[in-house]
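Note that the coordinates shown come from a computational prediction; the quantities given were computed from them, not determined experimentally.
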Amino acid sequence: MELLKVSSKSKAKNVAGAIAASLQKEASVRLCAIGAGSVNQCAKAVAIASGYLAPKGVEFNTKISFSSVMIDNKEKTALEFTLTNIKPA
């Protein structure tokens, strides 16, 4: 499973393209977001990726969960978006 780290400065269309490419090759992809801005970009990217993949017959489920990550020796809470391909092309 590929892990994509998304920041508030990530372009949603670029992240969506990476999601679409990953889900066409693999069964699932995981997005990691820390902070409101990066969560916003993840949500937009998931919606855009759905639009990219729908005409190709690819559908996916999205599961959102909390996780803890260490950054600069500090524990931070991240949101993880796990996208699982349910209808491969």
Side-chain angles (χ1 to χ4, degrees):
M1 175 184 328
E2 188 172 359
L3 172 65
L4 302 175
K5 296 178 183 177
V6 180
S7 80
S8 60
K9 296 177 183 171
S10 298
K11 295 185 188 231
K13 284 187 177 185
N14 293 346
V15 176
I19 292 169
S22 292
L23 285 178
Q24 289 180 44
K25 292 185 291 186
E26 300 181 31
S28 59
V29 63
R30 200 170 73 207
L31 308 174
C32 183
I34 300 172
S38 60
V39 170
N40 180 50
Q41 293 306 96
C42 276
K44 290 192 291 186
V46 169
I48 294 167
S50 178
Y52 287 166
L53 293 170
K56 297 177 182 179
V58 178
E59 296 178 9
F60 59 87
N61 285 334
T62 305
K63 178 183 171 189
I64 304 170
S65 59
F66 289 102
S67 69
S68 295
V69 295
M70 293 295 290
I71 297 177
D72 297 330
N73 292 326
K74 294 180 184 176
E75 187 174 6
K76 298 208 175 213
T77 301
L79 274 181
E80 287 191 359
F81 293 68
T82 305
L83 284 58
T84 306
N85 196 336
I86 58 172
K87 189 175 178 186

Quiz item: Hey, which of Asn14, Val39, Val15 is the one that makes side chain to side chain contact (heavy atoms under 4.5 Å, CB included) with Val6?
Solution: Val15
Exercise. Taking Ser22 for its side chain and Ala18 for its backbone only, find out whether a donor-acceptor pair lies under 3.5 Å.
Key: yes
Quiz item: How far apart are the closest heavy atoms of Cys42 and Ala33, and which atoms are they?
Solution: SG-CB, 3.7 Å
Quiz item: Which pair of non-hydrogen atoms, one from Gly51 and one from Pro55, has the smallest distance, and what is that distance?
Solution: O-CD, 3.1 Å
Quiz item: Cluster question for you: counting only ILVMFWY and a side-chain heavy-atom cut-off of under 4.5 Å, with indirect links fine, are Ile48 and Leu53 together?
Solution: no
Quiz prompt | Test log, rule side chain to side chain contact (heavy atoms under 4.5 Å, CB included), inputs Ile19 and Tyr52 | solution = CA-CA 10 Å; Ile19 292 169; Tyr52 287 166; over 6 Å; no
Quiz prompt | Spacing of Glu26 atom CD and Asn85 atom CG [to the nearest 0.5 Å] | solution = 10.5 Å
Quiz prompt | Rounded distance [0.5 Å steps], OG in Ser10 versus CG in Leu4 | solution = 9.5 Å
Practice problem: Just jot down the side chain to side chain donor-acceptor pair (under 3.5 Å) partners of Ser8, sequence neighbours excluded, or say none. | Solution: none
Self-check item: side-chain hydrogen bond (donor to acceptor under 3.5 Å, both in side chains) partners of residues 31-43, not counting sequence neighbours, each pair once
Solution: Gln41-Lys44
Practice problem: Can you measure from CZ (Arg30) to OG1 (Thr84) and round to the nearest 0.5 angstrom? | Solution: 11.0 Å
Quiz prompt | Non-hydrogen side-chain atoms of Lys5 and Ile34 separated by less than 4.5 Å | solution = no
Kindly list each side-chain donor-acceptor pair under 3.5 angstrom involving residues 61-83, sequence neighbours excluded, with atom names and distances?
residue	atom	partner	partner atom	Å
Ser67	OG	Glu80	OE2	3.2
Ser68	OG	Glu75	OE2	3.1

